[in-house]
Amino acid sequence: MTYFQNSAVDVNDEVRDALSDGHGVVALETTIVVHGLPAPVNMDVARQCEAAVRASGSVPATIGVLGGRVVVGLTTGELEQLASPSRDAAKLSARDLGLAVGTKRDGATTVAGTIAVARRVGIDVMATGGLGGVHRGAAQSYDESADLTALSRTQVLVVASGVKSILDVGATLERLDTLGVPVVGFQTSQFPGFYRSDSGFALDWSVTNVREAAAAFLAHREFSFTGLLLANPVALDRQLDAALHERALESALAMVRSTGVSGKDVTPVLLSEFARYTAGASVEVNRDLVVANAELAGKVAAAMSSARA
Ligand code: PSU
Ligand code: MN
């Protein structure tokens, strides 16, 4: 497509064909692979997410930046390069994309970075594990993920298991409200708690099936320029034990305080401390939930494609 010529964006053939034929396409991020999960589970999870999207009748488009080229639909080999520690890939939020391109860097995209690229090439749906949000203590640190503001200006439906439980969940929901981003529970009226199925916060909206989710988002776009968060809880029998979750959280927060880590390193450090403290149990929950989100995103993208046809 000439549209993509003279641009820094390379869309792979399968994704390009799917987009021009109006098939469902799901954008997948790479920060979770490169900075969120330990090797070798990370590559395995990436492969499972792509397979889940395909099983749902849509085409996966894993997004990242290699040598300053934004790739939509990374091959396994390209993803391996991006995840290789020797490449030292940057963590790219929306603000960083142009810089990574201009300086020919490698980078993995966050939710914010991924939806900016997705929207640019016409992809409507993305899947992740847990959206970024307002950090605990944000009243002092001002640490609020750019995922929130990106969602407020990008018409993409994001499937996530709520926001990461390391965050201030109540404050994040308030910010999403202010920013005009609807939060919709999938078969639940409780906001999911990432490693836990229920964060304890109630939602105003829920949908009972995939068709309803697709219809709600298509209608939302007629009235708003924001994205939509479709909140899909981890299965009850897969969630992290409540007491273990509490203890791991305390330990992870204490670790961030004592090491004085800040900025884009906070989330990866919290996640890896969770993995250490729970002896890998949190990694397995993360795997289960992100694969389930990829599957649901694939179904919603397919339903949107049928609704348009
Ligand atoms: N979901 C996960 N693991 C992750 C992330 C999401 O299960 O590592 C990533 C996403 O890329 C999200 C980012 O955009 O964490 C948020 O980072 P920050 O809090 O620095 O904005
Ligand atoms: Mn931050």
Side-chain angles (χ1 to χ4, degrees), residues 27-39 41-42 44-46 48-49 62-65 82-83 89-97 107-118 126-152 154 156 158-169 171-172 175-176 181 192-196 227 229 231-234 238-240 252-253 256 261-275 278 282-294 297:
L28 297 169
E29 57 142 317
T30 39
T31 292
I32 183 172
V33 182
V34 176
H35 302 105
L37 289 167
V41 175
N42 60 347
D44 199 35
V45 170
Q48 282 183 285
C49 285
T62 301
I63 292 176
V65 180
L82 194 63
K91 176 175 164 184
L92 307 178
S93 188
R95 64 159 200 192
D96 306 304
L97 283 171
T109 51
T110 65
V111 171
T114 304
I115 60 178
V117 175
M126 99 156 267
T128 184
L131 189 71
V134 179
H135 281 263
R136 294 166 198 242
Q140 273 76 46
S141 69
Y142 277 66
D143 191 353
E144 172 185 331
S145 175
D147 287 356
L148 301 187
T149 44
L151 252 189
S152 77
T154 316
V156 171
V158 175
V159 182
S161 300
V163 298
K164 285 178 278 277
S165 46
I166 52 181
L167 300 169
D168 184 334
V169 176
T172 304
R175 287 290 292 144
L176 287 166
V181 177
F194 190 58
Y195 294 130
R196 300 278 305 157
L229 176 59
N232 187 32
V234 68
R238 295 296 190 155
Q239 63 183 333
L240 201 61
L253 293 171
V256 163
V261 61
S262 66
K264 59 171 73 177
D265 296 331
V266 172
T267 297
V269 166
L270 284 166
L271 294 175
S272 76
E273 176 57 12
F274 247 91
T278 65
S282 70
V283 173
E284 288 311 307
V285 179
N286 205 342
R287 176 210 296 271
D288 288 344
L289 65 86
V290 68
V291 173
N293 293 342

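Each ligand, and each atom within it, is numbered from 1 in the order the structure gives. The chain is numbered in sequence order, starting from 1.
Within the 4.5 Å cutoff, side-chain heavy atoms of Pro38 are placed close to those of Val283. Counting heavy atoms from C-beta outward, Val45 and Cys49 have side chains that approach closer than 4.5 Å.
Residue Thr31 has at least one heavy-atom neighbour below 4.0 Å for each of these atoms of ligand 1: 11 (O). Listed by atom number, the atoms of ligand 1 under 4.0 Å from Gly36 heavy atoms are 8 (O). Here is the list of ligand 1 atoms found below 4.0 Å of a heavy atom in Thr128: 1 (N), 6 (C). Atoms of ligand 1 found under 4.0 Å from any heavy atom of Gly130 (numbered from 1 in listed order, with element): 1 (N), 2 (C), 6 (C), 7 (O). Taking every non-hydrogen atom of Thr110 and a distance limit under 4.0 Å, the qualifying atoms of ligand 1 come out as 11 (O), 14 (O). For ligand 1, the atoms sitting less than 4.0 Å from at least one non-hydrogen atom of Leu271 are 3 (N), 4 (C), 8 (O), numbered in the order shown with element in parentheses. The Lys164 neighbourhood of ligand 1 comprises atoms 1 (N), 4 (C), 5 (C), 6 (C), 9 (C), 12 (C), 13 (C), 15 (O), 16 (C), with distances under 4.0 Å to a heavy atom of that residue. Near Lys91, the atoms of ligand 1 lying under 4.0 angstrom from a non-hydrogen atom of the residue are 17 (O), 18 (P), 20 (O).
Relative to atom 10 (C) of ligand 1, the option among Glu144, Glu29, His35 with the closest non-hydrogen atom is Glu29.
Atom 19 (O) of ligand 1 has its closest protein heavy atom at Thr267 OG1, 2.7 Å. The nearest heavy-atom contact from the protein to atom 21 (O) of ligand 1 is Ser145 OG, 2.6 Å. For atom 7 (O) of ligand 1, the nearest non-hydrogen atom of the protein is Asn286 OD1, 2.9 Å. When hydrogens are left out, the protein atom nearest atom 2 (C) of ligand 1 is Ile32 CD1, 3.4 Å; that is the closest non-hydrogen contact. Ranking the protein heavy atoms by distance from atom 14 (O) of ligand 1 puts Asp147 OD2, 2.7 Å first.
Under the 4.0 Å criterion applied to side-chain N and carboxylate O atoms, Asp288 and Arg238 are assigned as salt-bridge partners. Look at Asp44 and Arg287 and you find a salt bridge, because one of the NZ, NE, NH1 or NH2 atoms lies within 4.0 Å of a carboxylate O, short of that distance.
Between the side chain of Thr31 and the backbone N or O of His35, no donor-acceptor pair lies under 3.5 Å. Formation of a donor-acceptor pair under 3.5 Å by the Asp147 side chain with backbone atoms of Ala112 is found in this model.
Here the OG1 atom belonging to Thr267 is positioned 12.0 Å from the CD1 atom belonging to Ile32, to the nearest 0.5 angstrom. With values rounded to the nearest 0.5 angstrom, Arg95 atom CZ is found 11.0 Å from Thr149 atom OG1.
Contacts between Leu131 and ligand 1, counted as non-hydrogen atom pairs separated by less than 4.0 Å, are absent for every part of the residue.
For the ligand labelled ligand 1, residue Val290 lies outside the 4.0 Å heavy-atom shell.
Counting only N and O atoms by type, the side chains of Asn293 and Ser161 include a donor and acceptor under 3.5 Å apart. Glu29 and Thr109 share no side-chain donor-acceptor pair at under 3.5 Å.
The minimum heavy-atom distance linking Val266 with Val261 is given by the pair CG2-O, 3.8 Å.
Per residue Asp143, closest N, O or S atom to the Mn ion (ligand 2): atom name OD1.
At a cut-off of 2.8 Å, Glu144 is not counted among the residues with an N, O or S atom near the Mn ion (ligand 2).
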